[in-house]
Amino acid sequence: MGKSEKSWEKRLSGQIDDLAVNFVESLSYDRRLYKVDIAGSIAHAQMLADQGLITKAEYGQIKKALFEIGDEIAAGTFVFNKVHEDIHMAVEDALIRKIGDVGKKLHTGRSRNDQVATDIRLWMRDEIELMQARITLVQQALVKLADQYKAGIMPAYTHLQRAQPIVIGAYLLSFVEQLERDWRRLKNCRDLLNVCPLGSGAVAGSTLPLDRQSTAALLGFSGITYNSIDAVSDRDFCAEFIFDCSLIAVHLSRLAEDWILYCSNEFGFITIDDKYCTSSSMMPQKRNPDMLELIRGKTGSVYGALMAILTILKAQPSTYNRDLQEDKIHVFQAADTIDLSLDMTAAIVNGTRFNTARIAAGMDRGFLEATALAEYLVRKGVPFREAHGIVGALVAQCEKEDKRLTDLTVEQFRMVCDKIEADVADVLDQARVVTQYKTEGAASPAQTAEQVAYWMRKLGER
Ligand code: ARG
């Protein structure tokens, strides 16, 4: 307990309670907004000077002191005091201690409500660009790997059951597509959030002649928010950002899940660099894909952040409530987790190779060529449903006799369907089957090569 240092709380008794100080503060996590907070303040002060609300000289003093504060925070010499609650008051308090009464003019026509709303938008704008760059690095790693496996084949699975042969590169590019949607969702999120709430004040705007357009322009916003009541409590963009992070987590965890399976002895499809595996404290032979498991596991905290932000926003009475302070915890949590997971994924992809010989050796299991055989019959004039039945019966028979379709002679095939001829061999050879995929976007070597070239060009331009 002691006397409050909060100069802005003259209305209150001025007694402080340690429990309350610790409970209400956000400084421990919102200090990372310091750069954008200072940038916002400088723009606000410049606008105040342009509008004649402070003098040019006062603006100069404020700007210089704010730069000093920024340098001190960056250097780690700034002393934070939780009594100041948040980064906004910590910076303003330091400003007033530096330049006295002039510092007290900075908050003219501003509230922490429009200030923090502006800060998060500024911070998120930059964060999104960094996250997009990370996504691009993962995409590039995947494309580089796909380029090495433009012809090698592997089984595609549906329901985790062997389905059809595909080109390994095409499988890898499937994640590039997912990440591309993530990249574009983030771009869209950035476009939507890039409007400036400054000038909305606490809730109703200000009686002072603030030039909102000019502050917004100084901060690189594409425009301003048009309803002060909405602007001070709109955190839709936070929920949207965390949702975008959640979908990235979905995509990374699905890749992780595949690769955890693929590097098992049962599959043996890939080998991940030793750097990204750990061993066991007890079992000397172990080589565990812990990094991938953590990428999968971290999805949980990102979803948690999404549930948290949606719950925080739900049923708050109109405009700003202190509940909103919790937004940043979850925004930062989601962003940090995804940034780490993207970096780890890029490193793992760069250090992974496909064991093509082992994959090829197992391709004759699971009747991967069955669909191609049915489509062969279609080309011979058999209605598809009939063809499906013929091949299904053949597979059942082979399974009973522990045979593969390739073990059957043309005569044996013809006993089931006389449309089958010697050229059936074309569809029983899986390496040839993949070259026969004709539809746009299919997993053939030619289209994989085309797609690899497309992505190399497109991602190279980013
Ligand atoms: N730290 C607060 C937040 O993050 C800043 C806004 C506080 N506004 C207020 N009227 N108490 O939301």
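Please read these numbers as outputs of a predicted model, since none were measured by experiment. Counting starts at 1 for both ligands and their atoms, in listed order.
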- Query: Salt bridge check: are Glu68 and Lys64 linked by an N-O gap of less than 4.0 Å?
  - Reply: yes

- Task: Taking the six-membered ring for Trp and the full ring for Phe, Tyr or His, determine whether the centres of Phe78 and Phe80 are under 6.0 Å apart.
- Result: yes

- Query: Does NZ or CZ of Arg32 come closer than 6.0 Å to the centre of the six-membered ring of Phe332, within 45° of the ring's axis?
  - Reply: yes

- Do Tyr157 and Phe267 have ring centres separated by under 6.0 Å? yes

- Task: Evaluate the side chain to side chain contact (heavy atoms under 4.5 Å, CB included) criterion for residues Arg296 and Arg254: first the C-alpha distance (whole Å), next the side-chain angles of each, then the deciding distance (0.1 Å), finally the verdict.
- Result: CA-CA 7 Å; Arg296 188 177 56 187; Arg254 292 188 72 183; over 6 Å; no

- Message: I'd like to know whether Asp234 forms a side chain to side chain contact (heavy atoms under 4.5 Å, CB included) with Asn227, so could you lay out the CA-CA distance, the side-chain angles of the two residues, the decisive distance to 0.1 Å, and finally the verdict.
- Response: CA-CA 10 Å; Asp234 169 23; Asn227 182 302; over 6 Å; no

- Sorted by chain and residue number, the residues having a heavy atom closer than 4.0 Å to an atom of ligand 1 are Ser26, Asp86, His88, Arg112, Asn113, Val116, Tyr320, Arg322, Gln325, Lys328

